[in-house]
Amino acid sequence: MVPCSGESSCAGVWIDAPDTEQGLPLALGQVRETAQAGSPLVGVRGGTPLTRVLVAEEARLAHGLPAAVIVEYDDDGATTLLLSGRADLVGDTSGGTK
């Protein structure tokens, strides 16, 4: 996966969720550009739990792109993201230390 640049990537595009809700328009614009460029996957990282979910939901619900949310989650948090339809994949950044 590559950082968001507005161009298509066969491997998908990383989008950094903002640290505040005020940064959401930029991140949601990146999702739109990524979808228009034909990328097959959006990876969401950084930000807050709320902004990560909002970016992933934009990819999934507004643009039909699979969304991977990458951050340290416990099993319950990861399961909730998947079962609620907010993400297609959940990656853990803890390095398997749990």
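Values below: all heavy atoms of this structure, side chains included; hydrogens, waters and symmetry mates excluded.
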Discussion item. Going by side-chain contact (heavy atoms from CB on, under 4.5 Å), name the residues that satisfy it together with T48, two or more places apart in sequence or in a different chain.
Written reply: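 side-chain contact (heavy atoms from CB on, under 4.5 Å) list for T48, sorted by chain: L50, T51.
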
Discussion item. Tell me every residue that passes side-chain contact (heavy atoms from CB on, under 4.5 Å) with P66, counting only those two or more places apart in sequence or in another chain.
Written reply: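 Expected list: L41, D88.
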
Discussion item. If you count heavy atoms of other groups shown closer than 6.0 angstrom to CZ of R32, is the number above 12?
Written reply: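 No, not enclosed.
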
Worksheet item: Tell me, do R86 and R60 make a side-chain contact under 4.5 Å, heavy atoms counted?
Response: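 A side-chain contact is absent here, since even the closest heavy-atom pair is not under 4.5 Å.
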
Worksheet entry | Residues which pass side chain to side chain donor-acceptor pair (under 3.5 Å) with T79, listed by chain and number, not counting sequence neighbours |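 Once residues adjacent in sequence are excluded, T79 has no partner under the side chain to side chain donor-acceptor pair (under 3.5 Å) criterion.
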
Practice prompt. Applying side chain to side chain donor-acceptor pair (under 3.5 Å), name anything that partners T20, two or more places apart in sequence or on another chain.
Written response: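 T20: side chain to side chain donor-acceptor pair (under 3.5 Å) contacts with Q22.
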
Indicate the atoms forming the closest heavy-atom contact of [X] with [Y], along with that distance.
X: V55; Y: P18; value: CG2-CD, 4.3 Å
X: G46; Y: A17; value: O-CB, 3.8 Å
X: V69; Y: A56; value: CG2-CB, 3.8 Å
X: A87; Y: L82; value: O-CD2, 3.5 Å

If you measure from [atom1] on [X] to [atom2] on [Y], what distance do you get to the nearest 0.5 Å?
X: I15; Y: T34; atom1: CD1; atom2: OG1; answer: 4.0 Å
X: L24; Y: Q30; atom1: CG; atom2: CD; answer: 11.0 Å
X: S84; Y: E57; atom1: OG; atom2: CD; answer: 7.0 Å

Fill in: Pairs satisfying salt bridge (charged side-chain N to carboxylate O under 4.0 Å, His left out), at least one member in residues 10-31, at least two apart
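Pairs touching residues 10-31 that pass the test: D16-R45.
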
Worksheet item: Of I70, V71, L81, which is the lone residue that meets side-chain contact (heavy atoms from CB on, under 4.5 Å) with R52?
Response: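 Only one of I70, V71, L81 forms a side-chain contact (heavy atoms from CB on, under 4.5 Å) with R52, namely V71.
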
